[in-house]
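In what follows, a single structure is set out as structure tokens and then discussed.
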There are 2 protein chains.
Amino acid sequence: MAENTAEPGAPGHAPRRLRADAQRNIDSLLEAAKAVFGTAGVDAPVKEIADRAGVGVGTLYRHFPQRSDLVKAVFQREVDACADEAAALAAAHGPERALEKWLDRYVEFLATKRGLAAALHSGDPAFDALPGYFLQRLGPALGSLLDAAAAAGAIRGDVGAEDLLYAVSTLCRPVSGKGPAYSRRMIALLVDGLRYGAGRPRSASA
Amino acid sequence: MAENTAEPGAPGHAPRRLRADAQRNIDSLLEAAKAVFGTAGVDAPVKEIADRAGVGVGTLYRHFPQRSDLVKAVFQREVDACADEAAALAAAHGPERALEKWLDRYVEFLATKRGLAAALHSGDPAFDALPGYFLQRLGPALGSLLDAAAAAGAIRGDVGAEDLLYAVSTLCRPVSGKGPAYSRRMIALLVDGLRYGAGRPRSASA
DNA sequence: TTGCTAACCGGAACGTCATTCCGTATAGTT
DNA sequence: AACTATACGGAATGACGTTCCGGTTAGCAA
């Protein structure tokens, strides 16, 4: 197995500084992969991704030795982007509006990764760590928004971030017949539910 | 598209009577496919299935023009087997014991199709009809067992078959860390819950 | 600026697999 | 026993994932 390959998705210290063109290609590949996965699903030909990124397949495989590495990297990158947006939204809007907007963003994220979801639950051990990453990254992001909104008295304080993440993702899974409009309606309902007990910071009433 | 091909899995009138060797091969293929899917997953090479069935790949493709046709057929055959067992168990045991045994059987079915589940939710339109088939076949099967047990006063009467099917399948989905023992414990709990209100045929109490 | 070299690049080459095609064999019938 | 619609097997085809290697270049030192 390749050990010294840059591990994208876990931003931090690189083993050795990456050459500029290599970094550029990695970025192109991730962007291309995101687009192709969204259009043609996670099973799209690797060649297509390489072509779209403007590199050869050799380059692709240098950076992502296995197909699953690319999938993982794209997933993590999108999780990161979604999580990071929480702070940005919190800075740009009031607590309630920020929460609303972030949930929209989260729904969009879920829609994008529709294809990925199947891969995640396919039992391939390569993806075992991803659900954990998902929660670890998105949980605190949503948690801080919830806390802020609760502190501002806009929503109740007794709903956990992970529960809400899970509930929304469940509601976004399209059942036969229901379209995305259904999902949006149900999620709006959920958010109104949050508002219902606004001001009561702790203790769930019966 | 092939129109006149025999459509396995929907037992009924055949367009024209199948030649005996053909029927034999179809059976061998389904049995082989079940075994291989269970061992190596739904993505196992088609050749492996053909070999195990003792036929050439040409024969396999004659009867199942697409890979997904084979997957569908195996799935439906297992659903049928599971559903049919309900009547047999009802005839051989008392209502309560029959229900218990059938739920065991259902759990076993769920375990077998672990690999299939991923395929089902992969978004491939070839599998769109399967969840419906699942409910349509298993719903009434479990429903009759529930009715009989409720009528005998062994369990409460206010739990729907589809709800129970769904709940059990959810509990069988292994979360990280929990083993199958966890599933069995939770399902036992569920069944005890059924017993709890035994004798009260209608109306859910608060 | 020039020269050097480790790191990187592209795409041909290889192996695996799903799917198709067609000459041969045979079940069922007359 | 002969006939023919039907079915069989496996070679051939084409698409992909993955590996390999000769040529290129970024980054650094003199």
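By convention in this document, chain letters (A, B, ...) are assigned in the order of the sequence lines, proteins followed by strands, and residues within each chain are numbered from 1.
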Just the rounded figure in Å: distance from [atom2] of [N] to [atom1] of [X].
X: B:Gln23; N: C:dA27; atom1: CD; atom2: P; answer: 15 Å
X: A:Asp27; N: C:dC9; atom1: CG; atom2: P; answer: 12 Å
X: B:His63; N: D:dG9; atom1: NE2; atom2: C1'; answer: 12 Å

side-chain hydrogen bond (donor to acceptor under 3.5 Å, both in side chains) with B:Gln23: which residues, sequence neighbours excluded? B:Asp27
Restricting to side-chain hydrogen bond (donor to acceptor under 3.5 Å, both in side chains), what partner residues turn up for A:Arg24, sequence neighbours left out? none
Residue pair B:Arg97, B:Glu100: steps toward the salt bridge (charged side-chain N to carboxylate O under 4.0 Å, His left out) verdict: CA-CA 5 Å; B:Arg97 190 92 187 89; B:Glu100 252 179 20; 2.6 Å; yes
Do B:Arg137 and B:Asp84 sit within salt-bridge range, that is, some charged N less than 4.0 Å from a carboxylate O? yes
Please determine whether the number of non-hydrogen atoms from other residues, nucleotides or ligands lying under 6.0 Å from atom CD of B:Glu78 exceeds 12. yes
Those residues at least two apart in sequence (or on a different chain) that pass salt bridge (Lys or Arg N to Asp or Glu O under 4.0 Å) with B:Asp104 are none
Results of salt bridge (Lys or Arg N to Asp or Glu O under 4.0 Å) for B:Arg19 - residues two or more places apart only: B:Asp21
Sorted by chain and residue number, the ring-ring contact (aromatic ring centres under 6.0 Å, His included) partners of B:Tyr106 (sequence neighbours excluded) come out as B:Trp102
Report, as a single string ordered 5' to 3', how protein heavy atoms within less than 4.0 Å touch nucleotides 18-24 of chain C: B base, S sugar-phosphate only, - not at all. SBB----
Per-nucleotide protein contact along nucleotides 24-30 of chain D, 5' to 3', at a 4.0 Å heavy-atom cut-off (B base, S sugar-phosphate only, - neither), is -BSS---
Are any of the side-chain heavy atoms of B:Phe37 and B:Thr112 separated by less than 4.5 Å? no
Is it true that A:Asp69 and A:Tyr61 share a donor-acceptor pair across their side chains at a distance under 3.5 Å? no
Establish, with yes or no, whether the OP1 or OP2 oxygen of D:dG9 is under 4.0 angstrom from a side-chain nitrogen or oxygen of B:Thr59. yes
Please give me every residue in residues 48-56 of chain A whose heavy atoms get under 4.0 Å of an atom in DNA chain C, ordered by residue number. A:Gly54, A:Val55, A:Gly56
Donor-acceptor pairs under 3.5 Å, side chain of residues 43-55 of chain B to any protein atom, not counting sequence neighbours: which ones?
{"from": "B:Lys47", "atom 1": "NZ", "to": "B:Asp51", "atom 2": "OD2", "distance (Å)": "3.1"}

What stems involve DNA chain D, if each pair must be Watson-Crick or G-U and both of its distances must be under 3.5 Å, with 3 or more such pairs in a row? C:1-30 with D:1-30
List the residues meeting side chain to side chain contact (heavy atoms under 4.5 Å, CB included) with B:Gln136, not counting sequence neighbours, and say none if there are none. none
Residue pairs passing the salt bridge (charged side-chain N to carboxylate O under 4.0 Å, His left out) test where at least one lies in residues 85-95 of chain B, sequence neighbours excluded: B:Glu85-B:Arg105
